[in-house]
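Written below as structure tokens is the structure these notes are about.
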There are 2 protein chains.
Amino acid sequence: MINKSIEESIVLSIFDLANQLKKIGDDVYLKVGLTTQQWLILLHLSGNPNLPFFKREKHVKDLMASELAESLNVSRANITNLINVLLEKKLIKQFEDGQDRRKKRLRLTKKGIALIDKTQPSRLGVIHFLTEGFSTEQKQTFLTFLEECMSKLINEDDKIKSFHKLI
Amino acid sequence: MINKSIEESIVLSIFDLANQLKKIGDDVYLKVGLTTQQWLILLHLSGNPNLPFFKREKHVKDLMASELAESLNVSRANITNLINVLLEKKLIKQFEDGQDRRKKRLRLTKKGIALIDKTQPSRLGVIHFLTEGFSTEQKQTFLTFLEECMSKLINEDDKIKSFHKLI
DNA sequence: TTAAATAGTTAATAATGTTAACTATTTTTA
DNA sequence: TAAAAATAGTTAACATTATTAACTATTTAA
């Protein structure tokens, strides 16, 4: 018999909620001819300060494909494909780094910026609808909780893996 | 210029965290020859009371494929495929419903139960490691937050869709 | 100056998912 | 009660998203 547990409920709910949000995203971004993943790349290139990636480390230069791979937690090869789609759609542009000839920097085109601007009100509308009814303190507690979990997952990889040795 | 916002940070963090957790799950369940999706079906069939699906509605009978599709938010066709894999591995069994001949009920085999039992300590270990350091009140507030968001997404579909008309 | 690391790409492939069309059965409704 | 609609599951064809491995080019470190 499996017991009720707040902790397990939280983790399973996070999973469920992210899943639902992704579905909604897929629906919305389909309207502008994008997938959620493609749109997420645009959001990164827009420099959105609310992305966990930008909270973990500051970025002054335009992003590279490998940084997107790190943030989205997928392979570089996968990012290459996604970027090719966005380049074809002329939503982003790619240019060589002046200092390091291995690197290619990515930037939104005017068309890309316009698209981000267009989808912003709808996105923020949903976000505020979902989070309304909670105090700023409560919201800050949730955010801290999420960020601490994330930090443990990233920085205490060894500890996480030690649990898996039980299997 | 995009502003910092707790609300947007929360939503983007939930996305990020779920993504990381899924990657970890993929790693772990690979060890026992499963994908995260396949394992999630086993978790449903184990009747785990911490699954959001079981909190939303009570289930006395064994689950059907269509109910799994609803809970995982995927098509029935997709569930058919996943179930076939689990049937081949002899982790679950399928039997006809006595009352309604359209329905097929699913249940864990002894092998399936053994596998769930085997992975449980590792899974709970990670979950407790991630959530330690927060008070029960904080954790309860956080769970309530997640459940309210979920409930809005499910029950106020029209409202959510109205935001998308802005695009 | 050689070896290792980093950045990106390509090719082959796996998994995960979709929709549409179909059968069988049950429920609704006219 | 007969016809229509809904539900459950499957199959086939296909799209997307992802992976790894092998490769080139370049930079950094030993």
Side-chain angles (χ1 to χ4, degrees), chain A residues 15 18-27 29-30 32-42 59 61-89 92-107, chain B residues 15 18-30 32-41 59 61-89 92-107:
Chain A
F15 235 82
N19 203 11
Q20 289 281 346
L21 288 171
K22 188 179 171 300
K23 290 275 168 177
I24 291 177
D26 286 341
D27 268 8
Y29 301 118
L30 188 61
V32 292
L34 291 177
T35 63
T36 298
Q37 283 297 82
Q38 289 161 6
W39 165 80
L40 210 44
I41 288 180
L42 298 186
H59 290 268
K61 291 192 174 184
D62 292 302
L63 291 184
M64 306 180 282
S66 55
E67 291 172 317
L68 289 172
E70 188 197 335
S71 179
L72 302 187
N73 205 20
V74 297
S75 65
R76 275 177 308 154
N78 187 17
I79 293 288
T80 298
N81 294 331
L82 292 167
I83 281 175
N84 284 337
V85 174
L86 295 172
L87 284 171
E88 266 174 40
K89 289 178 192 284
I92 65 175
K93 58 192 168 189
Q94 200 169 35
F95 53 94
E96 288 181 8
D97 184 289
Q99 275 84 59
D100 189 333
R101 298 192 49 220
R102 288 170 304 183
K103 297 178 179 175
K104 293 179 180 178
R105 303 275 171 191
L106 298 161
R107 194 178 288 178
Chain B
F15 235 81
N19 202 12
Q20 288 282 347
L21 289 171
K22 188 179 170 301
K23 290 274 168 175
I24 292 178
D26 286 340
D27 268 7
V28 177
Y29 301 119
L30 187 63
V32 292
L34 291 177
T35 64
T36 298
Q37 281 300 82
Q38 289 162 6
W39 165 80
L40 209 44
I41 289 180
H59 290 266
K61 291 191 174 185
D62 290 303
L63 291 184
M64 304 182 284
S66 56
E67 291 171 318
L68 289 172
E70 187 197 337
S71 179
L72 302 188
N73 205 20
V74 296
S75 65
R76 275 177 307 152
N78 187 18
I79 292 289
T80 298
N81 294 331
L82 292 168
I83 282 176
N84 285 337
V85 174
L86 295 172
L87 284 171
E88 266 174 42
K89 289 178 194 283
I92 65 174
K93 56 193 169 189
Q94 200 170 33
F95 53 94
E96 288 180 9
D97 184 288
Q99 274 85 60
D100 189 334
R101 298 194 46 222
R102 289 170 303 184
K103 297 178 179 175
K104 292 180 180 177
R105 303 276 171 189
L106 298 162
R107 193 177 290 177

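Just so it is clear: chains get the letters A, B, ... in the order the sequence lines come, proteins before strands, and each one is counted from 1.
Shown here are the side-chain contact (heavy atoms from CB on, under 4.5 Å) partners of A:K93, two or more places apart in sequence or in another chain: A:R107, A:T109. Scanning for salt bridge (Lys or Arg N to Asp or Glu O under 4.0 Å) contacts around B:R101 gives an empty result, with sequence neighbours left out. Residues satisfying the salt bridge (Lys or Arg N to Asp or Glu O under 4.0 Å) test with B:D26, not counting sequence neighbours, are B:K22. A:Y29 pairs by the ring pair (Phe, Tyr, Trp, His ring centres under 6.0 Å) definition with A:W39, not counting sequence neighbours. Not counting sequence neighbours, B:N19 has no partner by the side-chain hydrogen bond (donor to acceptor under 3.5 Å, both in side chains) test. Every residue two or more places apart in sequence or in another chain that forms a side-chain hydrogen bond (donor to acceptor under 3.5 Å, both in side chains) with B:S71 is listed here: B:H44.
Atom CD1 in B:I83 sits about 15 Å away from atom P in C:dT16, given to the nearest Å. The interatomic distance linking B:Q99 (CD) with D:dA8 (C1') rounds to 15 Å, in whole Å. A straight line from CG of B:L82 to C1' of C:dA14 spans 14 Å, rounded to a whole angstrom. Following rounding to the nearest Å, B:K103 (NZ) and D:dG9 (C1') show an atom-to-atom distance of 13 Å. Between the C1' atom of C:dT6 and the NZ atom of A:K104 lies a distance of 14 Å, rounded to the nearest Å. Taking atom CG of A:L86 as the reference point, atom P of C:dG8 lies 15 Å away to the nearest angstrom. One can place CG of B:L40 at 15 Å from C1' of C:dG17, the figure rounded to the nearest angstrom. Counting to the nearest Å, the C1' atom of D:dT16 and the CG atom of A:N81 are 10 Å from each other.
In the helix from C:dT1-D:dA30 to C:dA30-D:dT1, the end axes, each obtained as the rotation axis mapping the C1' atoms of four pairs onto the next four within a five-pair block, lie 30° apart to the nearest 10 degrees.
Shown here for B:D97 and B:Q99, the closest heavy-atom pair between the two residues is OD1-N, 2.7 Å.
Side-chain contact check for A:T36 versus A:L21: every heavy-atom pair is 4.5 Å or farther apart.
Mapping B:D100 and B:N84 onto DNA chain D by nearest heavy atom places B:D100 at the nucleotide closer to the 5' end.
Near-neighbour residues of DNA chain C inside residues 62-73 of chain A, defined by a heavy atom below 4.0 Å, number-ordered: A:M64, A:A65, A:S66.
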Sequence neighbours left out, cut at 3.5 Å: what donor-acceptor pairs do the side chains of residues 75-88 of chain B make with other protein atoms?
unit_1	atom_1	unit_2	atom_2	d
B:S75	OG	B:N78	N	3.2
B:T80	OG1	B:R76	O	3.2
B:N84	ND2	B:T80	O	3.3

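Residue A:K23 is classed as a sugar-phosphate contact, given heavy-atom separations below 4.0 Å to backbone atoms only.
From A:L34, atom CG reaches atom CG of A:L40 across 11.0 Å, with rounding to the nearest 0.5 Å. With values rounded to the nearest 0.5 angstrom, A:D62 atom CG is found 12.5 Å from A:K103 atom NZ.
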Which parts of nucleotides 20-25 of chain D does protein reach within less than 4.0 Å, heavy atoms only, written one letter per nucleotide 5' to 3' as B for base, S for sugar-phosphate only and - for none?
B----B

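For A:T80, a side-chain nitrogen or oxygen approaches OP1 or OP2 of C:dT9 to under 4.0 Å. Regarding contacts with the backbone of C:dG17, a side-chain N or O of B:Q37 is found under 4.0 angstrom from either OP1 or OP2.
The only member of B:R105, B:H59, B:Q94, B:E70 that meets side-chain contact (heavy atoms from CB on, under 4.5 Å) when paired with B:M64 is B:R105.
When distances are taken from the side chain of B:V74 to each of C:dT16, C:dT18, D:dT11, the shortest belongs to C:dT18.
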